[in-house]
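Protein chains get the first letters and strands the later ones, always in sequence-line order, with residue 1 at the start of each.
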Amino acid sequence: MYIIRNGTVHIGDGSFRENCDILIEAGKIRAVGPNLASEGAKVLDAEGCQVFPGFIDPLSCVGAMGMPSRHLDNDEHSEPVTPEMNLRYSLDPDEVNNQEFYKSGITTIGLASTNNNLMGGQIAVCKTAPQKMEKRLVKEHAGLKCSVTGSVKETFGSAKCLPMTKMGIFYLFQETLRQARDCEKEKRTTKQNVICEVFDEQSMQVFCAAATKNEIDGLLHMMRDEKVQLNIVDGYCFADSLKEIKEKKVGLILGNVNNMSQIAKHHMDLPKLKELAENGNRIAFTTSCGGYSEGREVFLWTAIEAYRAGVPAEEVVKMMCKYPAEMLGIADRVGTLEVGKDADISVFTGHPVTSYAAKVVHSVVNGEVIF
Amino acid sequence: MGRKLIKGGILYTMEDEKEAFQGDVLIENGKIFAAGEHLEAEDCEIIDASGLYVMPGLIDAHSHIGLFDFNADKSVDDANEMTDPVSSAMDARYSINPKARELKVAYEHGITSMLFTPGSGDVFCGQPFVAKTYGDNIFDMTVKAPAAVKIALGGNPKNTFGDMNRCPMTRMGVAHVLWENFRKAKEYLEKKENGKKPPYDAAMEAIIPALSGEIPCKIHCTQYDMLTAIEVAKAFGVRFSLEHAWGATDYLDEIVASGCDICYGPIATYRAPGERRKIDVEAVKLLDERGVNVALITDSPILSEESLYHHMGEAVREGAPWERVLRMVTINPARQLGLEERLGCLSEGRDADVILVKGRLGLDTDAKVMMTLVNGEVVYQALG
């Protein structure tokens, strides 16, 4: 049992409370409020500190990249359509541990496949703390990772296989959906079952990598009558398709904008993020770019770029907490500091969105103080 | 060129032992004429800097902008002439795309000079140069060329030549190429100095300025390779900086004793066993405290140029005092490159590369460059 005493507590939904305590018991949050009774609880002093829910990177590749040889356990590109792959089975906990995600306040990551497959596999979500596996896995089948980027055509086109063009990508996507739906239920393959569960029964959201305007426009056009909640991944040219993204309330998981000069390369118009936020589009951040991940720091850096571009700091916090939790269907457990949720909490010396001097002084995952 | 007086800013001149003060900067003929309190001058354009920080334009001491060109769909690599492990004669000025969009991003973010260097695919990789980030013609923009001898240890050269079944394919192979070619260059130089005329060797000619102390070696290395770099550089008496320097906390004493410089970064690479096992930003603070000249580098466009702010911020996060971090992107890299008489400092006679900043770059995340001057010309002005 712990009590985090007297911090400025950011709930994760855009609100915050001054001089607030958090009581933790059995790995869960038992109470949030001022002057909580704490008999028998160990005290973590958060006076003068900013307290946040553990941040969530919904689409990290770290943990399945197969380091050090980089044999990429998240890249089953033996064929372009592999929605049945479950990223849970590619997890290397040591690879996750090495990153010390908690030092950037990240306590939960979604493990995703690369951008090389049209449908790469199902996202698995895990905690970043070095704990027993049964405690780490939050959810499997948390989202279907797809891609309509140039990576797909480079992967298969170079082997003279479909798809080797953008039109090939969209043709194969549509044909795959049609064939799955046309097939009688009892005759469906495992792949087709997953596709029907996702696209017809909305068992999970779709996360599709699309960076350029023609990729984003093509994706939105292809998905115009689909009911499934779509999230664009990477999305560097989102501002060029702002009207369509706003209309369909599509989610945006902004890739690592500092990697390979994405801002300059795509003439990225980051201030338009504010318009999307005001429109109610869910936005989140990831360390990944083009289907590969870099260091944990870029999660905060991309959040800072959003703030620099005019998004209010607490709205940015929502993008680091509540929104990615909702996208992955794990909001019942993580993303906000509310009673009953997992005790995943970072105590910073300052506000990491507004000051570089902000440093993690305590990190709590599943109620255990790991730092 | 007209005179300009930047009035009423908070000046960080980067001169040694000089605290920030409220003052003015007078610019004449593209140079700083004076920086001080209550300057008066007639017939000059007044730039109001009240409420803003005024400091020298920032310097990124290790970039590949325009050499790796990501402006097109496909990335272009003109940074690595990987046909011979000793490519020291390659001049990076001929590889750069001076219209790369990243250059605009750079001066709009207050970065006015850079060291543009070949990549690390060879052991002797080629000749870096220092240039301003604003201009039309790279040769006119150039401040110094060659500015260093670029050397690389570790995975890059060994992968390049290992894939061809050529030496070096191991780290010991890299060390061998390093020893052997420094030895050859020394012999070559000695022959020339003794009046003998060895057959012209462009690769050896390119190493001579390092041996004679005119320019430093910039040595890409991490992990135990740092000690290899220090050992070889000391044996031949060359000035050098360790580039990237991840894992420097393992060799603090050796680095301090060697007298070398450090170019730390890029930060935010993922941690992997081997060369990427340690991203120890705290090294920046620890080495600076012990008198080592530390610069922060982005490796742009591998990480983008604007991430220089984030790099400064990570050093601040790890406890380096903000004022010291400002030096790591101004006067420190200028000194490393032997350009402290022109760049990195707001004092008389220096190039008038000046930035006006709202907020504290590297500390406040929303700090913003409001104006950039290069050679005394306003090349960027923020709206509002």
Side-chain angles (χ1 to χ4, degrees), chain A residues 60-63 65-70 94-95 97-101 103-104 150 154 212 256-268 287 292-310 313 316 348-360, chain B residues 64-65 68-75 100-106 108-109 155 266-279 281 298 300-322 325 359-368:
Chain A
S60 176
C61 297
V62 174
M65 289 170 80
M67 287 186 265
S69 58
R70 300 181 82 180
D94 286 339
E95 192 179 306
N97 298 347
N98 281 343
Q99 308 308 310
E100 299 181 303
F101 278 108
K103 287 188 177 173
S104 294
E154 279 158 28
T212 63
N256 171 5
V257 299
N258 293 118
N259 197 46
M260 303 288 179
S261 289
Q262 299 298 336
I263 291 177
K265 179 178 170 179
H266 292 298
H267 296 288
M268 248 185 113
T287 54
Y292 301 92
S293 281
E294 283 295 336
R296 58 177 160 75
E297 290 88 350
V298 295
F299 182 83
L300 283 181
W301 294 4
T302 303
I304 286 169
E305 294 289 351
Y307 174 64
R308 286 176 62 80
V316 176
F348 279 81
T349 54
H351 197 312
V353 176
T354 62
S355 172
Y356 285 113
K359 189 168 182 171
V360 173
Chain B
H64 310 284
I65 284 178
F68 290 119
D69 193 359
F70 300 148
N71 289 260
D73 252 5
K74 290 277 182 189
S75 63
R101 288 195 286 263
E102 291 93 338
L103 291 167
K104 184 166 183 280
V105 170
E108 287 183 354
H109 284 79
I267 299 162
T269 178
Y270 62 83
R271 285 83 171 149
E275 295 187 13
R276 290 171 152 202
R277 78 198 194 286
K278 247 184 194 184
I279 313 297
V281 190
T298 61
S300 57
I302 306 300
L303 282 187
S304 58
E305 200 48 58
E306 73 277 0
S307 76
L308 190 62
Y309 296 175
H310 301 314
H311 284 69
M312 296 162 72
E314 292 302 328
V316 168
R317 202 194 305 281
E318 289 305 321
W322 175 64
V325 171
R360 297 165 296 178
L361 279 182
L363 183 55
D364 306 321
T365 55
D366 60 350
K368 183 170 172 50

Calculate, to the nearest 0.5 Å, the distance between atoms OG and CD1 belonging to Ser261(A) and Ile65(B) respectively.
-> 6.0 Å
Working for side-chain contact (heavy atoms from CB on, under 4.5 Å), residues Lys265(A) and Glu102(B) = CA-CA 8 Å; Lys265(A) 179 178 170 179; Glu102(B) 291 93 338; 5.6 Å; no
Measure up the His311(B) and Trp301(A) rings against each other and bin them: parallel (under 30°), tilted (30 to 60°), perpendicular (over 60°).
-> tilted
So with a 6.0 Å cut-off around NZ of Lys104(B), is the heavy-atom count from everything else above 12?
-> no
Max heavy-atom pairs within cutoff under 4.5 Å with chain B, candidates Asn259(A), Thr354(A), Asn98(A), Val298(A), goes to Thr354(A)
Which atoms of Glu154(A) approach chain B - backbone, side chain, both or neither, heavy atom under 4.5 Å | side chain
Ile263(A) backbone acceptor or donor facing Arg101(B) side chain under 3.5 Å | no
Value rounded to 0.5 Å, distance of NZ in Lys103(A) from CD1 in Ile279(B) = 11.5 Å
Which answer fits Ser307(B), side chain, backbone, both or neither, if we ask what part of it has an atom under 4.5 Å from a heavy atom of chain A?
-> both
Rounding to 0.5 Å, atoms CD (Glu294(A)) and OG1 (Thr269(B)) come to a distance of 4.5 Å
Chain A contact via Phe68(B) - side chain, backbone, both or neither, heavy atoms under 4.5 Å | neither
If one checks every heavy atom of Ser293(A) against chain B at 4.5 Å, the contacting part turns out to be backbone
Assert top hit (heavy-atom pairs under 4.5 Å, partner chain A, pool Val316(B), Ile267(B), Thr298(B)) equals Ile267(B)
If you round to the nearest 0.5 Å, how far is CD of Glu305(A) from OH of Tyr309(B)?
-> 9.5 Å
Among Arg317(B), Glu314(B), His310(B), find the one that has a side chain to side chain donor-acceptor pair (under 3.5 Å) with Tyr356(A).
-> His310(B)
Which one of Gln262(A), Glu100(A), Lys359(A) has the most heavy-atom pairs closer than 4.5 Å to chain B?
-> Lys359(A)
Of all heavy-atom pairs between Pro352(A) and Thr365(B), which one has the smallest distance, and what is that distance?
-> O-CG2, 4.4 Å
Using a strict 4.0 Å threshold on nitrogen-to-oxygen distance, state whether Arg271(B) and Glu297(A) make a salt bridge.
-> yes
